[in-house]
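Comments concern the structure below.
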Amino acid sequence: MNRWSAFLFLVFALPLPEASVHPLAWNLAATLAFVVLGIELRSRFIEQTTRSLPDLPVTLAFSHSALPLLLIWGVQCWVVLQWATFSFSPYDSLMSLSQGLFYASMFTLALLLVDSRQRVRQLVWVVVAAASFQALYGAFMVLTGLEYGFFAAKEHYLGVATGTYVNRNSLAGLMELSLALGIGLLLAEPTRYFGSARQRLRQLIEVLLSKKVILRLLLAIMVIALVLTRSRMGNTAFFASLMVSGALALVLMRNKTTATTVLLGSLLVIDIAIVGTFFGVDKVAERLQQTSSQTESRDEVTRDTFNIFLDNPITGTGAGTFTHTFPALKSADVTSFGLYNNAHNDYAQFASEFGAPALIALAVVVLWAFWNGIVAMRQRNSRFYQGLGFSVTMAIVAIGIHSTVDFNLQIPANASLFVVILALSAVARWAPHNSSDESSSGRKRRRTGRKASV
C-alpha cells in the first residue's frame, strides 16, 4: 500500500468503528497517519538531497499554507504545555493531544498528497463512498427495524438513522460534509449541451451513462439518510449552507452557465420537495416546532461552559477535560442525571478547554480556509477548482451552523474529514490550472531521483 492509498484508507475507514470515538480506534488511526507522514517527509527530503534542491519539493498548496501549518501544529505544542502544567485532568489532555496530532497530520498529508485533479476526484469519491455506505446502512436499519450499529444492537436513537455512529447528530454532520464535497464535484464538471438535436440527444445519453448520474443518486441517498436522522440542526445546517453557498456561487463565479443555476435549484427542489416528502422531513419540522428552552438543557450547558471559559480565559481547563470538569462546575439548574461528554456547542467547549490563545489560532485556520474558498470561486478560471471552492465554503458554513448546538468537531471521524476539507481550500485556490502537470512532474522527479541514487 502506497502513501496515497493509505491516506484514502484512513478517510474511508474512520467512520466505521463508531466514528472512531474509542481511544483504540483513534490511536490506531493516529499511528498510521504519523507513519505515512513520516515516510512522505522522508521521501521529499531524500529527493531534495539527491537533486541538490535549495528547498524541499512540495506542492503549491503546501507552500502557501505556512501560516495554518504553524498554527495547527502550534496548538499541539500548547496542549503539551497544558498537559505538563495547568490541565485539570492531565490524562485527558494527553489523550486529546493524540487526537490533535492526528488531525494536524491529516491536514499536512492532504496538503502534500493532493497534487492533481485526479487525486481530488479520488478523494471526493472515497468520501462519498464512505458516507453512502453509512447512509444506506442507517436507512436500511430504520426501514427494516433491525436497529444495529457497529456489530452491536443499538441502545439509543431507535427509529432514526445513525449508521455505525452512536449519535444521529454526528451522522448528520458526516452527511453535511460529504454532501458539500459531492455537490462541489457536480459543479466542477458541468454538463454542456450544444449542436443539433441529434448531438444533444447523444450528449444526454452520455451523461446518463456517466459517473455523474451515479454521484447524483448517491447524493440523494445521503439526503434521505440526513432526513432519517431527524437531526434538527443537521438538516437546518445542510439546507441553509446549500442556499448560502449557492447564492455566493451565483454571485462570485465567473462564466456561469444556465446549467449551474439549474443544478443548484434542482438540489433544493428535489431534495426538499421529493426526498423530504417521502422520507419524513415533516417529522424533522415537527421536532423543530417542539423545541423550546423548556424542553432543552443545551442552552444552560452552553452558558455554564462559557462561564468555565471566563474563569480560565487564557489557560483553559485543558484539552479533553470537559467530561470531568463540567459536573463539578455546572450550575444548580442543570439537573440532568446523565453525564455530559461534550458541551453540545463546539465553540464553547473549545474555548473552555483550550483557552483564548488556541481558540484564536484554530479560528484563524478556519477563516483562512473559508477565504480561500471564496477567492477560488471568484478568481479561478477553472470550473473544477471553482467547484472545489464551493465545497469548502459549504462545508464550513454547514459545520459552523451545526456546531452552535452540537459537537461534531469532538468526533474523530468528522473532525478529521473537516481538517482535510480545510486543506483542500489551499488546493482550490493555488493548484495550477492544469494541476496534472504538478503531479506528473513531481512523480517524474522522484523516478529520476531513484535512478540517480541507484
**OP:** Work out which heavy atom in Ser116 is nearest to a heavy atom in Tyr385; give both atom names and the distance.
**Re:** C-OH, 4.4 Å
**OP:** For Gln410 and Asp346, test the side chains for any donor-to-acceptor distance below 3.5 angstrom and give the result as yes or no.
**Re:** yes
Original post:
Listed by chain and number, what are the side-chain hydrogen bond (donor to acceptor under 3.5 Å, both in side chains) partners of Thr317, not counting sequence neighbours?
Top reply: Thr321
Original post:
Taking atom types as modelled, is there a side-chain donor on Ser382 or Arg117 under 3.5 Å from an acceptor on the other?
Top reply: yes
Subject >> From CG (Asn372) to CE (Met377), nearest 0.5 Å >> reply: 11.5 Å
Original post:
Just by distance, do the side chain of Arg3 and the backbone of Val36 share a donor-acceptor pair under 3.5 Å?
Top reply: no
Original post:
Are any side-chain N or O atoms of Gln82 and backbone N or O atoms of Ala319, one a donor and one an acceptor, separated by less than 3.5 Å?
Top reply: yes
Subject >> Spacing of CD belonging to Glu40 relative to CZ belonging to Phe45, to within rounding of 0.5 Å >> reply: 11.0 Å
Original post:
Counting N and O atoms only, with roles assigned by atom type, does the side chain of Ser43 sit under 3.5 Å from a partner on the main chain of Ile39, one being a donor and the other an acceptor?
Top reply: no
**OP:** Provide the closest heavy-atom pair for Gly182 versus Leu215 in the form atom of the first, atom of the second, distance.
**Re:** O-CD2, 3.7 Å
**OP:** Step through the shown structure and confirm whether more than 12 heavy atoms of other residues, nucleotides or ligands are within 6.0 Å of CZ on Phe34.
**Re:** yes
Subject >> Worked check of side chain to side chain donor-acceptor pair (under 3.5 Å) between Asn169 and Tyr157 >> reply: CA-CA 10 Å; Asn169 297 302; Tyr157 300 110; 4.7 Å; no
Subject >> Residues in salt bridge (charged side-chain N to carboxylate O under 4.0 Å, His left out) contact with Arg378, at least two apart in sequence or another chain >> reply: none
Original post:
Say you draw a straight line from OG1 of Thr305 to OH of Tyr347; how long is it, rounded to the nearest 0.5 Å?
Top reply: 15.0 Å
Original post:
Relative to the ring of Phe322, is the ring of Phe326 parallel (under 30°), tilted (30 to 60°) or perpendicular (over 60°)?
Top reply: parallel
Original post:
Under 3.5 Å, is there a donor-acceptor pair linking the side chains of Thr164 and Gln134?
Top reply: yes
Original post:
Which is it for Leu424 and Leu123 under the side chain to side chain contact (heavy atoms under 4.5 Å, CB included) test, yes or no, and what are the steps along the way?
Top reply: CA-CA 10 Å; Leu424 289 179; Leu123 177 58; 4.0 Å; yes
**OP:** Please lay out, stage by stage, how Trp73 and Thr108 fare under the test side chain to side chain donor-acceptor pair (under 3.5 Å).
**Re:** CA-CA 10 Å; Trp73 285 101; Thr108 308; 3.0 Å; yes
Subject >> Euclidean distance, Phe238 CZ relative to Leu226 CG, rounded to 0.5 Å >> reply: 6.5 Å
**OP:** Output, in order, the C-alpha distance, side-chain angles, deciding distance and verdict of side chain to side chain contact (heavy atoms under 4.5 Å, CB included) for Val127 and Phe12.
**Re:** CA-CA 6 Å; Val127 172; Phe12 181 85; over 6 Å; no
Original post:
At their closest point, which heavy atom of Pro90 faces which heavy atom of Trp83, and how far apart are they?
Top reply: O-CD1, 3.0 Å
Original post:
Rounded to the nearest 0.5 Å, how far does CG of Leu32 lie from CG of Leu10?
Top reply: 4.0 Å
Original post:
Heavy atoms, side chains only, cut-off 4.5 Å: are Leu69 and Phe62 in contact?
Top reply: yes
**OP:** Rounded to the nearest 0.5 Å, what's the gap from CD on Glu176 to OG1 on Thr236? Could you check?
**Re:** 9.5 Å
Subject >> Trp430 versus Ser65, side-chain donor and acceptor atoms under 3.5 Å >> reply: no
Original post:
Does Ser132 have any side-chain hydrogen bond (donor to acceptor under 3.5 Å, both in side chains) partners at least two apart in sequence or in another chain, and if so, which?
Top reply: none
**OP:** Would you confirm whether Asn414, through its side chain, and Ser170, through its main-chain N or O, come within 3.5 Å as a donor-acceptor pair?
**Re:** yes
Tabulate below the donor-acceptor pairs under 3.5 Å that side-chain atoms of residues 244-252 make, not counting sequence neighbours, or state none.
from: Ser245; atom 1: OG; to: Ser241; atom 2: O; distance (Å): 2.9
from: Ser245; atom 1: OG; to: Met394; atom 2: N; distance (Å): 3.4

Original post:
Is there side-chain contact between Phe7 and Val420, with at least one heavy-atom pair below 4.5 Å?
Top reply: yes
Subject >> From CA spacing to verdict: side chain to side chain contact (heavy atoms under 4.5 Å, CB included), Leu112, Leu37 >> reply: CA-CA 9 Å; Leu112 288 171; Leu37 179 58; 4.0 Å; yes
Subject >> Which atom of Asn341 lies closest to which atom of Gln349, heavy atoms considered >> reply: O-NE2, 4.4 Å
Sequence neighbours left out, cut at 3.5 Å: what donor-acceptor pairs do the side chains of residues 21-31 make with other protein atoms?
from: His22; atom 1: NE2; to: Glu18; atom 2: OE1; distance (Å): 2.6
from: Asn27; atom 1: OD1; to: Ser98; atom 2: OG; distance (Å): 2.7
from: Asn27; atom 1: ND2; to: Pro23; atom 2: O; distance (Å): 2.8
from: Thr31; atom 1: OG1; to: Asn27; atom 2: O; distance (Å): 2.8

Subject >> Val365 and Leu422: CA distance, side-chain angles, deciding distance, side chain to side chain contact (heavy atoms under 4.5 Å, CB included) verdict >> reply: CA-CA 8 Å; Val365 175; Leu422 296 183; 4.2 Å; yes
**OP:** Identify the heavy atoms of Gly184 and Phe390 that sit nearest to each other, and give their distance.
**Re:** CA-CD2, 4.0 Å
Original post:
Does any N or O in the side chain of His402 come within less than 3.5 Å of the main-chain N or O of Ala398, such that one atom is a donor and the other an acceptor?
Top reply: no
Original post:
Is the side chain of Glu353 donor-acceptor paired with the backbone N or O of Gly320 at a distance under 3.5 Å, no angle test?
Top reply: yes
Subject >> Ring centers of His324, Phe88 separated by less than 6.0 Å >> reply: no
**OP:** Tell me, please, which residues at least two apart from Ala361 pass side-chain contact (heavy atoms from CB on, under 4.5 Å).
**Re:** Leu71, Val75
Subject >> Exercise: identify the closest heavy-atom pair between Met222 and Ala131 >> reply: SD-CB, 3.4 Å
